[in-house]
Amino acid sequence: MADKTIYLDFEEPIYKLDTKIQELKSCCDDKLAKDFNKEIANLEKKTQKLLEETYTKLTPWQKVCVARHANRPHSIDYINALIENFMPLAGDKLFGEDEAIVGGLGFFNGQAVMVIGQEKGHDLESRIRHGFGMPKPEGYRKAKRLMELANHFNIPIISLVDTAGAFPGIEGEERGQAEAIASCIMEGFKMEVPYIAVVIGEGGSGGAIALATANRILMLEHSIYSVISPEGCASILWRDGSAVKKAATALHLTAQDLHKFGVVDEIIREPLGGAHRFRDETVKHAGDVIWKHLTELKKLSPADLAKDREEKFLAMSRIA
Amino acid sequence: MADKTIYLDFEEPIYKLDTKIQELKSCCDDKLAKDFNKEIANLEKKTQKLLEETYTKLTPWQKVCVARHANRPHSIDYINALIENFMPLAGDKLFGEDEAIVGGLGFFNGQAVMVIGQEKGHDLESRIRHGFGMPKPEGYRKAKRLMELANHFNIPIISLVDTAGAFPGIEGEERGQAEAIASCIMEGFKMEVPYIAVVIGEGGSGGAIALATANRILMLEHSIYSVISPEGCASILWRDGSAVKKAATALHLTAQDLHKFGVVDEIIREPLGGAHRFRDETVKHAGDVIWKHLTELKKLSPADLAKDREEKFLAMSRIA
Amino acid sequence: MNWLLDYVRPKLSVAKTEKDVPDNLWDKCPQCDAMIYGQELAKNLYVCPHCGYHMYLRPRKRFRMLFDDEEYSYLEAPKVKEDPLNFKDTKDYRSKLKSAREKTKFDDAFVAAFGKMGGHGVVIGVMNFNFIGGSMGLAVGEGIVQAAQFAVERKVPLILVTASGGARMQEGILSLMQMARTTLAVKQLKDNHLPYIAVLTNPTTGGVSASFAMLGDITIAEPDALIAFAGARVIKETIKADLPAGFQKAEYLKKHGMVDMIVNRHDLREKLITLLNLLGNTYTKGE
Amino acid sequence: MNWLLDYVRPKLSVAKTEKDVPDNLWDKCPQCDAMIYGQELAKNLYVCPHCGYHMYLRPRKRFRMLFDDEEYSYLEAPKVKEDPLNFKDTKDYRSKLKSAREKTKFDDAFVAAFGKMGGHGVVIGVMNFNFIGGSMGLAVGEGIVQAAQFAVERKVPLILVTASGGARMQEGILSLMQMARTTLAVKQLKDNHLPYIAVLTNPTTGGVSASFAMLGDITIAEPDALIAFAGARVIKETIKADLPAGFQKAEYLKKHGMVDMIVNRHDLREKLITLLNLLGNTYTKGE
Ligand SMILES: [Zn+2]
Ligand SMILES: [Zn+2]
């Protein structure tokens, strides 16, 4: 993955401090280093404070940027860290293999699970291979097939949501993007196994909910989930593409907003500074939270699991 | 449909007689006509005898030619004659609409049925539109969808088999011709409604059986049903494309052969001279036979219908 | 059951019930530019008599066109939280809602009614494109859920006539959730083996197309209707190339396997009745 | 149950059991033309050590490679009518059968065995390409049906390793019916929620590809295997154009969504065991 930290615009002060620390640490020999130790410690304390100040008060738009951060752990990172003996499965058995969706069987704390995740890739080559995390109809049909397979063998499903949305192109429309998403939503409701959706980064509209008609919907602390991108909303409602910050605020797309609305069951805490700074801790902690929910859901009967999901969604917008 | 009778090679003597009768009937004025009446009657008797001699002793290869006859009633002719309020349904809800398969709901003697038939077309324009009766994967997936729909609403299925085989082309392979046929065969076995397959012309290998895992398999008297075309068989086994007659005989592809093997439940008689000469009578009689079987099957419970089908096919090649 | 049946028996003339759109004006066909007199247009079910273009048909007219004897009763509009996000863009959402209600005389962009078609009891739901582009928020989603539940309780089929620009973005994530909820609505029908027929009219796009609109047992489209997930403009900007002729039109969707039949509005009632006859006339399952 | 278990415990050297193919000869790789010494090839599971090409692997070798401790017992070959059509082309079918039996030491082109893999009981069926091109007639179809029934009775998974030119045309319509019957065999596994894994090896074509081969819960292919419905020659003649590179090869099928994974023969046993572990380790269904 990415070796170098990529700083977001609003992280400028943190970047400056980090650079200074780096300079002090590297630009001197061992004897001198000792003299700098105190200053380095001081600066590191400052960074910590700055991170805290910044990351406890992220604006919605800043959250959008964090949620899309290139260094943020992606589906494949979760799979690599949490799933043993992962067996990737390919194809929709209809038209194609769409790597915008990675999916397969593996052991999660010894329990066989089906993982289905949207994958954005981490460098140009892998981004192209994974279609920038924007599935085509065959991607959703692959997801649907894997759900059916999991259900048939009574294997719980964990979906990882991280997409700007479904692929907007001629092929997508031609091959029934709308039908594919609708069927994937429907399939989720048919499951008689535990189904947990985790929004790990960007939950982009219809392309996201296709993988999120689950028993539990969890969201990383700085992830987003929205009916439309702030950019799209700004250009339609403000007729001004630069009104993204206003749009991000108006849309109420943060994990905290969604938890308040009852759309999200639990927010998965990220270390101060965000998942992209502390990838391993984030993924490990997410694993613990997912496991907790899975353990709870495993107590339900197959029929109750389907019922639980239906009732959850039927109740969802009746909140007054 | 075709206005002019098309004569097959072996019908040369019949053609000559018919032409003579036609001449006598048309090339003279009304007064003269009377004088010819006796001769015409004589000739017509001769034709009848010739038809009888020819059509009671058709060789396997002649049957192949009759089964493929351009004037033979096609799926659309059966639908037009037997089905009231036919509502054609289109598409596989995945990729495309393949008119090599015509399908839809309609009333058959007042009973709602789903008809799914392979259609070859009757002139160049319609042949092209119907893909010469050779379905692509989307055609089989459309058939599968219609079967599911019928089953969901407890509507019996009548399939009409008339294909040289599945479309042999790049797109077919690319989009999973093999998977589509296999899934269509499987779907047939899942049905809990009466499912009757009628081979009305050419039952060409995998493309045919995809629509024929039915409770009852009926065959028109001069239709064929084979694992490979005589042409294909000749070129592979004899390494000589012209050995088609030998191949046709060796393959045992006639309705009479298949009935003997227990593959076909009933042979639907064709008027002497073949379905292409007596289209209306053929279709009407076929309707009566189909209706008889449908009436019988309607007595079975949904579970028994599926069981009946499985047992039929499991027993099929255990015949010693 | 929280249904109140408000029988209206709209044996009233077109002009009287649709005061907001007087029929004595001239309308211009968006396709062939012909000027058509309002009463002629209404009589022709808002299909252009010159070129056959299917214009938008308001819910009341759609109901009258479909139900036997133009008789039906509305299903009460669901009570939902209004403006759950307190949404403001250049103007605030509440005022948009208010003016849409004044304009359309409906609570929101979906209205359902119960009545008979060809003698079959049936629930028909219609989207109101004039209400904020027929966009789907809480009220539309809940309306569809309740219409489905009503159909299931009465054991009758459901017909949904779509016309929508997609999700109601002013209701944020809660509008997105309606894709799941309306899919669940459809699932209730399927679980009960009751027919659900989708009638897609111009335009049916975005989250509506990617949920209940594409899940019909039978899918009918009106001629030339735009049916799309992603907007053509977005696609064009993304791929930086021209789009094929007829892209995302009903005929294109049929060719690509997504639509069962394209039905002229004049034939719609008859075809729907035939379908109901067929799907309802299943033989008695074995003992 | 008409099963006779013929325990063979093949703790024998490769050379001893496969007398028909002495390993002390040199073989030419069909892909890179390298000459490879027989024993080296056998040790390398008939994968070319130079270019990785996967040559045909005979049933016994396949079984020994897959089963724990190379231990397994054959399922008795089914009794079926021989030469039901009395088929003759340039020579007669019975004599073809006879020479195939002499050559392969098997009754027909399919053989199944029961044993353990990673501790799991499992039925593995293997097609014998050397037996009339692995073509599927009554014996193959019935063998697969009986292998499936055996798996269902023992409540164990089924793995079928395909290699076939398609239907056995000398058995006419009865060979075609095996497409339906083997599909039914697969259905027995599905109905009982027992895993069925298809392992497609070079070549898997025609009626075999269009029935059980494409119906695996999981579909594995060996690298570069030809997997096709219609033959490339037929397609070329029909469309009168060149075929795309890699057409109908395993990698092409994976790209087109038909294959879950392409697994090198050296990894096959391990991957299959992992899959069996995963599909067998389902959590206990609720009370
Ligand atoms: Zn016009
Ligand atoms: Zn080699």
Side-chain angles (χ1 to χ4, degrees), chain B residues 137 165-186 188-190 203 205-210 212-213 225-228 232-234 236-240 243 246-247 250-253 257-258 261-264 309-310 312-314 316-320, chain D residues 78-81 84-90 137-138 141-142 145 166-181 183-184 186-187 190 204-215 227-232 234-235 237-239 241 243-244 247-248 252-253 256-258:
Chain B
F167 173 76
I170 292 177
E171 315 100 279
E173 296 295 303
E174 203 169 69
R175 300 200 288 266
Q177 191 67 278
E179 190 283 336
I181 290 174
S183 289
C184 210
I185 292 173
M186 177 69 94
F189 284 122
K190 291 184 185 163
S205 74
I209 198 169
T213 48
Y225 190 5
S226 180
V227 66
I228 188 169
C233 180
I236 295 172
L237 291 185
W238 277 266
R239 295 170 194 279
D240 171 7
K246 283 182 208 163
L251 282 168
H252 290 69
L253 43 61
D257 290 319
L258 268 68
F261 291 138
V263 169
V264 158
R309 220 174 293 119
E310 294 206 359
K312 175 194 185 71
F313 277 85
L314 281 179
M316 202 175 272
S317 67
R318 281 180 179 149
I319 43 159
Chain D
K79 304 278 170 276
V80 296
K81 189 166 170 65
L85 270 57
N86 238 318
F87 195 95
K88 274 186 193 57
D89 48 87
T90 49
L138 296 184
E142 183 66 13
V145 167
R168 179 87 47 90
M169 72 185 105
Q170 294 89 344
E171 299 188 11
I173 195 72
L174 294 173
S175 77
L176 187 70
M177 290 303 122
Q178 305 315 311
M179 289 177 69
R181 301 181 80 249
T183 299
L184 261 185
V186 171
K187 186 167 181 286
K190 291 203 198 281
T204 297
T205 65
V208 166
S209 81
S211 57
F212 65 94
M214 273 298 152
L215 295 170
I227 304 161
F229 177 62
V234 174
I235 296 172
E237 280 169 15
T238 307
I239 64 167
L243 301 173
F247 185 60
Q248 299 181 325
Y252 176 93
L253 267 90
H256 289 288
M258 296 298 145

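Chain naming here is simple, since letters A, B, ... match the order of the sequence lines and numbering starts at 1 in each. Remember, it's a predicted structure, so these values are computed and weren't measured experimentally.
Nearest approach of D/Met214 to B/Ala182, heavy atoms of both residues: CB-CB, 4.3 Å. Across D/Phe87 and B/Ala250, no two heavy atoms sit closer than the pair CD1-O, 3.3 Å. In plain terms, the two heavy atoms of B/Leu251 and D/Leu85 that are nearest each other are O-CD2, 3.4 Å. The minimum heavy-atom distance linking B/Gly169 with D/Ile239 is given by the pair CA-CG2, 4.3 Å. The minimum heavy-atom distance linking D/Ala228 with B/Glu173 is given by the pair CA-OE1, 3.6 Å. Nearest heavy-atom pair, D/Ser175 versus B/Val227, reported as atom, atom and distance to 0.1 Å: OG-CG2, 3.2 Å.
Neither the backbone nor the side chain of D/Glu171 comes within less than 4.5 Å of any heavy atom of chain B. For B/Leu314, the parts lying near chain D are the backbone and the side chain together; criterion is any non-hydrogen pair under 4.5 Å. Only the side chain of D/Thr238 comes within contact range of chain B, with heavy atoms under 4.5 Å apart. If you measure heavy-atom distances from D/Lys187 to chain B, the contacts under 4.5 Å come from both the backbone and the side chain. For chain B, the nearby part of D/Phe247 is the side chain; its heavy atoms alone come within less than 4.5 Å. Residue D/Glu237 does not touch chain B at all, counting heavy-atom pairs closer than 4.5 Å. Heavy atoms of B/Ser205 lying under 4.5 Å from chain D belong to its backbone as well as its side chain. Using a 4.5 Å cut-off between heavy atoms, D/Lys79 does not touch chain B at all.
Not counting sequence neighbours, the partners of B/Ile236 by the side-chain contact (heavy atoms from CB on, under 4.5 Å) test are B/Ile228, D/Met169. For the side-chain contact (heavy atoms from CB on, under 4.5 Å) test, residues two or more places apart in sequence or in another chain that qualify with B/Ala208 are B/Val161, B/Thr163, B/Tyr225.
Here OG of D/Ser209 is found 8.0 Å from CD1 of B/Ile181. Values are rounded to the nearest 0.5 Å. Note that CD of D/Gln178 is 10.5 Å distant from CZ of B/Phe313, once rounded to the nearest 0.5 Å. Here CZ of B/Arg239 is found 8.0 Å from OG1 of D/Thr90. Values are rounded to the nearest 0.5 Å. Within the model, atoms CE of D/Met177 and CE of B/Met316 stand 5.5 Å from one another, a figure rounded to the nearest 0.5 Å. Within the model, atoms CZ of B/Arg175 and CE of D/Met258 stand 10.0 Å from one another, a figure rounded to the nearest 0.5 Å.
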- Under the side chain to side chain contact (heavy atoms under 4.5 Å, CB included) rule, what do D/Gln170 and B/Leu237 come out as? Steps first, then yes or no, please. CA-CA 9 Å; D/Gln170 294 89 344; B/Leu237 291 185; 3.8 Å; yes

- Message: Using the rule given for side chain to side chain contact (heavy atoms under 4.5 Å, CB included), can you reason through D/Leu176 versus B/Ser226, listing the C-alpha separation, both sets of side-chain angles and the distance that settles it, and then say yes or no?
- Response: CA-CA 7 Å; D/Leu176 187 70; B/Ser226 180; over 6 Å; no

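Taking the side chain as every heavy atom from C-beta outward, B/Glu174 and D/Tyr252 approach each other to under 4.5 Å.
Interface remark: of the candidates B/Gln177, B/Lys246, B/Met186, B/Arg309, B/Met186 forms the most heavy-atom pairs closer than 4.5 Å to chain D. Counting heavy-atom pairs closer than 4.5 Å to chain B, the top-ranked of the candidates D/Asn86, D/Thr183, D/Ile173, D/Val234 is D/Ile173. Interface summary for chain D: among B/Leu253, B/Leu258, B/Thr213, the most heavy-atom pairs under 4.5 angstrom belong to B/Leu258.
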